[in-house]
Amino acid sequence: MLLKTQLQHWVSEIVHLIYEKSIEPQSISVEYTNPDHPGDFTVILFPFLKLKIGNPQEIGNTIGNYLIEKKEIFESFEIIKGFLNLTLKTNYWLNFLQNLSPDTIQAQEKQTIMIEYSSPNTNKPLHLGHLRNIFLGDSVSRIYDFLGHQVIKACLVNDRGIHICKSMLAWKLYGNGETPQSTKIKGDHFVGKYYVEFEKHFQKEYQEWQQSSNAEAIFLQAATKNPNLEKQAFFKEYKDQYFNLYSELGKQARELLQKWEQNDPETIQLWKMMNQWVYEGFEQTYKRLHIHFDKFYYESQTYLLGKEWVLKGLEKGVFYQKPDGSIWINLTSEGLDHKVVLRSDGTSVYVTQDIGTAYLKAHEYNMHRSVYVIGNEQDYHMKVLISICKKLGIPHADGMYHLSYGMVELPTGKMKSREGTVVDADDLVQEMYDIAKDTSEELGKTEGLPADELHNLYETLGLGALKYFLLKIEPTKKILFDPKESINFTGNTAPFIQYTYARIQSLLSKADSMNIQWKNFADITSLHSTEKALCVQLSKWENTVFLSAEQYNPSIIANYALELAQFYGTFYQNHKILADDNPKKDFQLFLSYQVARTLKTALNLLGIGVINRM
RNA sequence: GCGUCCGUAGCUCAAUUGGAUAGAGCAUUUGACUUCGGAUCAAACGGUUGAGGGUUCGAAUCCUUCCGGACGCACCA
């Protein structure tokens with residue numbers, strides 16, 4: 001049991017014993033003592049006022065004296081303004097440090113948890129927004145896996161729909177048969193190029209159409225309802241309708257989608273070929289990011305399944321049908337709205353395929369929880385999906401959870417693939433590598449390392465900086481990324497933590513070469529404030545991991561690691577550990593060793609590697 | 001218009017989930033390597049926590065009303 005909870009129980013017992021009042025242990029406020037005051041743990045005495053058993057000073061004295069007398073771990077106490085500050089004996093911390101095992105924490109109840117993330121479209125390469133999604137999902141997976149749960153990392157590939165057909169059509173029209181091989185362009189970028197190409201031609205076609213008499217008539221009709229309507233603004237809004245009603249390219253793209261749904265062999269072949277190019281590109285990117293999935297789902301394989309569930313739900317009365325044949329659900333009792341689940345022409349919509357996928361997942365894996373890492377723009381959609389799944393009685397629907405996160409924005413606003421205003425994932429990773437290389441060479445501390453180790457070093461530093469940049473911020477908040485200011489390598493960054501780790505490794509190996517036996521350190525009588533700060537921080541580790549798992553929030557671990565590294569920096573500066581006349585040498589080395597272990601574990605849970613020399 | 005999320009130092013973020021004098025990094029200014037790694041450390045500067053009201057021993061945190069921002073409210077995905 002954590003000392004904090006232990007203390008709650010003790011205080012509860014004391015109150016019961018001495019004052020004959022009962023108070024729930026959980027309701028007793030116990031905190032880590034604020035560093036400005038002496039002590040390790042603080043019991044807040046104000047809540048006892050309600051029990052009418054005396055003033056805070058008296059109660060504090062009683063509790064403090066009792067604890068000192070009966071529990072051997074306490075050394076002293078002090079009461080300041082209703083706060084009972086308890087100081088632990090040095091011995092307690094020495095024992096704690098000796099037994100600390102930061103890399104083996106286990107959850108009490110083991111579960112099977114599926115975590116779906118990345119979820120790319122197959123018509124364009126990955127960008128910075130995907131990276132946040134991927135790193136979040138990967139980190140949460142690592143955290144649950146670390147705690148002993150069985151984790152299934154799933155990736156849902158959005159491989160069908162009109163957007164894919166746009167790329168396909170553009171390739172047919174303007175591609176002249178070129179391929180990633182012939183152009184030496186990475187497959188996903190190659191296909192993305194044609195997606196942008198489609199958009200360019202479509203825009204041109206749209207511009208020309210706006211000069212036509214037909215367009216003029218449509219605008220004039222709209223203007224009769226709204227005399228202030230400006231032509232430019234109107235056509236900006238009208239784009240989607242133009243695509244659906246008048247566009248030649250739009251018509252061809254829709255025809256392609258229909259052919260695809262009818263299993264036209266030529267179309268299917270083209271679709272498979274282009275998807276394959278994209279998958280090969282993704283594969284390279286995932287590999288470089290050290291991302292691996294246990295299971296892939298493809299929407300092309302689940303959307304029909306969703307349809308079956310909708311028809312089943314209609315029979316059961318979960319859904320209702322409108323005269324035009326479309327099928328709906330009424331979610332007003334959940335505070336949501338009515339929602340279409342099947343079009344009047346019988347084709348599936350967005351939620352339909354998600355229902356299918358949810359069922360397939362539950363059918364294939366007997367899991368307790370199913371986590372979806374998806375941006376907050378889909379908060380409403382996910383609420384709808386989860387309530388539908390519950391109403392349909394899809395297994396484990398109660399365990400569905402939407403891990404929602406904020407967008408990554410540029411100073412110019414939101415990233416848009418169609419308009420080419422995105423930060424490409426591959427480019428950014430390479431840029432981080434280059435910065436790591438330049439910085440490293442400038443500092444000149446890695447001379448003599450072989451080429452493959454250097455490559456590994458730059459990769460670990462560059463990727464680490466990038467992952468930490470995206471993970472240190474709470475998922476719900478949006479992130480602003482300014483491409484002009486590259487991601488830092490000093491201060492609140494992964495390289496800073498990696499540097500602290502490397503420094504400790506170098507210290508320990510030097511100690512080893514001096515034949516210092518630090519693994520069994522001799523007892524010492526008192527702790528320096530910097531040593532105490534490290535012990536306290538280390539004692540918070542276990543709870544930090546549980547908290548970040550519970551909240552699906554890696555930023556808690558990121559902030560923890562940063563603080564630990566900062567405390568170590570202060571400690572390091574205050575002591576000449578390896579000096580001949582240092583009586584605490586072995587203790588301080590062991591403390592350093594435990595800090596390094598914890599840092600390594602923490603970074604690992606974020607998907608960030610450590611380095612022995614940098 | 002309705003719904004969800006957000007607003008903390010010039011900038012980017014914290015704050016032990018209601019606790020003590022709101023803390024870090026960046027930027028600016030200053031100091032620290034003949035001894036364990038300067039991608040570091042120490043210090044200065046910087047705040048009416050968007051504004052008002054409420055709840056209580058105690059509020060950045062909970063409630064409420066405004067102000068400002070993002071996203072959603074498609075037979076698009």
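Lettering of chains follows the sequences in order, A, B, ..., and the numbering in each one begins at 1. Values reported hereafter were calculated over all heavy atoms of this structure, with side chains retained and with hydrogens, waters and symmetry mates removed.
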Candidate nucleotides [options], ranked by approach to the side chain of [X] - the nearest:
X	options	answer
Q566(A)	rG25(B), rU17(B), rG72(B)	rG25(B)
K477(A)	rU8(B), rG72(B), rU40(B)	rU8(B)
I556(A)	rU17(B), rC71(B), rC41(B)	rU17(B)
E474(A)	rG19(B), rA15(B), rG37(B)	rA15(B)
M614(A)	rA77(B), rG37(B), rC71(B)	rG37(B)
T490(A)	rA20(B), rU40(B), rC36(B)	rU40(B)
I473(A)	rU16(B), rA14(B), rG19(B)	rA14(B)
L547(A)	rC73(B), rU12(B), rU17(B)	rU17(B)
E31(A)	rU16(B), rC75(B), rG37(B)	rU16(B)
K576(A)	rC75(B), rC36(B), rU8(B)	rC36(B)

Distance-only donor-acceptor check, side chains Q353(A) and Y297(A), under 3.5 Å: no

C1' atoms of rA42(B) and rC62(B), separation to the nearest Å: 40 Å

K540(A) side chain near N543(A) side chain, heavy-atom distance below 4.5 Å: no

Geometric class of the F202(A)/F198(A) ring pair [parallel <30°, tilted 30-60°, perpendicular >60°]: parallel

Chi class for rU16(B): syn within 90° of 0, otherwise anti: anti

Closest-nucleotide 5' rank along RNA chain B - winner of K540(A) and N158(A): K540(A)

Distance below 4.0 Å between R343(A) side-chain N/O and rA77(B) OP1 or OP2: yes

